[in-house]
Amino acid sequence: MDCLFCKILDKEIPADIVYEDDQVIAFRDINPQAPSHLLVIPRQHIATSNDIQDADCELVGRMHLVAAKLARQEGFADSGYRTVMNCQEAAGQTVFHIHLHVLGGKPLGWPPYTERPKTAI
Ligand code: AMP
Ligand code: ZN
């Protein structure tokens, strides 16, 4: 399987890893959209949110728990941060191994996106 994040998990591709346990890892996004932009991913390959199964609920919960711990570590747990999981092309998903974006370190606008030209979908 040709999956960028599985390659990061296997250490075939380097990443700035900030957290690892037996179920999830987290690393800094290569193209940060905020002063701190982390990605929390499961070791298990799950392509999109649509592929999450009942048996994965604890794993996905752990991703959120780790996101909150990292927000605390990064220093913005109390001031505020955002977690996002994009699902499929129209939402901007480009890597098909689920990942929780953790964005913080500046005030974040809402809504967070503008409509993309239809040709981009
Ligand atoms: P998404 O667009 O929601 O699928 O998010 C994919 C994210 O992965 C983007 O924010 C990219 O900047 C990030 N990304 C792509 N390649 C790498 C990489 N080699 N290391 C770290 N982050 C990456
Ligand atoms: Zn994968």
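Remember, it's 1-based here, ligands and their atoms both numbered in the order they're listed. Keep in mind that what you see is a predicted model, and the values were worked out from it rather than measured.
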Atom pair [atom1] ([X]) and [atom2] ([Y]), whose distance is rounded to the nearest 0.5 Å:
X: I30; Y: H37; atom1: CD1; atom2: NE2; value: 12.0 Å
X: D16; Y: F27; atom1: CG; atom2: CZ; value: 10.0 Å
X: F76; Y: S36; atom1: CZ; atom2: OG; value: 3.5 Å

> Are any side-chain N or O atoms of R28 and backbone N or O atoms of L39, one a donor and one an acceptor, separated by less than 3.5 Å?
Replying inline: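 No, the answer is negative, given that no donor and acceptor are paired below the 3.5 Å cut-off.
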
Show me which atoms of ligand 1 lie under 4.0 Å from any heavy atom of [X].
X: V95; value: 4 (O), 6 (C)
X: F5; value: 8 (O)
X: L4; value: 15 (C), 16 (N), 17 (C)
X: N31; value: 12 (O)

>> With carbon and hydrogen excluded and only N/O/S kept, which atom of H45 is nearest the Zn ion (ligand 2)?
In response: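 Among the N, O or S atoms of H45, the one closest to the Zn ion (ligand 2) is ND1.
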
> the Zn ion (ligand 2) is nearest to which N, O or S atom of H97?
Replying inline: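 Result for H97 and the Zn ion (ligand 2): ND1.
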
Please indicate whether any nitrogen or oxygen in [X] is less than 3.5 Å from any nitrogen or oxygen in ligand 1.
X: I30; answer: yes
X: L39; answer: no
X: H101; answer: yes
X: H37; answer: no

Contact between [X] and [Y] at the side-chain level, heavy atoms closer than 4.5 Å - yes or no?
X: F96; Y: E89; result: yes
X: L38; Y: V18; result: yes
X: I25; Y: I8; result: yes
X: H97; Y: Q44; result: no

In this structure, does ligand 1 have an atom that sits under 4.0 Å from one of the heavy atoms of [X]?
X: F96; answer: no
X: G92; answer: yes
X: R28; answer: yes

>> Please find the pair of heavy atoms, one from G105 and one from P35, that lie closest to each other, and give the distance.
In response: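 Closest heavy-atom pair between G105 and P35: O-CG, 3.4 Å.
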
> What's the shortest distance from atom 4 (O) of ligand 1 to any protein heavy atom, and which residue and atom give it?
Replying inline: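 It is T94 N, 2.7 Å.
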
> What is the closest protein heavy atom to atom 5 (O) of ligand 1, and at what distance does it sit?
Replying inline: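 That would be H99 NE2, 2.9 Å.
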
> Going by an N to O cut-off under 4.0 Å, is there a salt bridge joining K69 and E74?
Replying inline: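 Not counted as a salt bridge, because no side-chain N and carboxylate O are separated by less than 4.0 Å.
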
> Can K7 and D2 be counted as an ion pair, charged N to O under 4.0 angstrom?
Replying inline: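 Yes.
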
> With the Zn ion (ligand 2) at the center, what angle do SG from C3 and SG from C6 span, rounded to 10 degrees?
Replying inline: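 That angle works out to 120° after rounding to 10°.
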
>> Please state which option from I8, D29, D16, I13 has its nearest heavy atom closest to atom 11 (C) of ligand 1.
In response: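 Nearest heavy atom to atom 11 (C) of ligand 1 lies in D29.
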
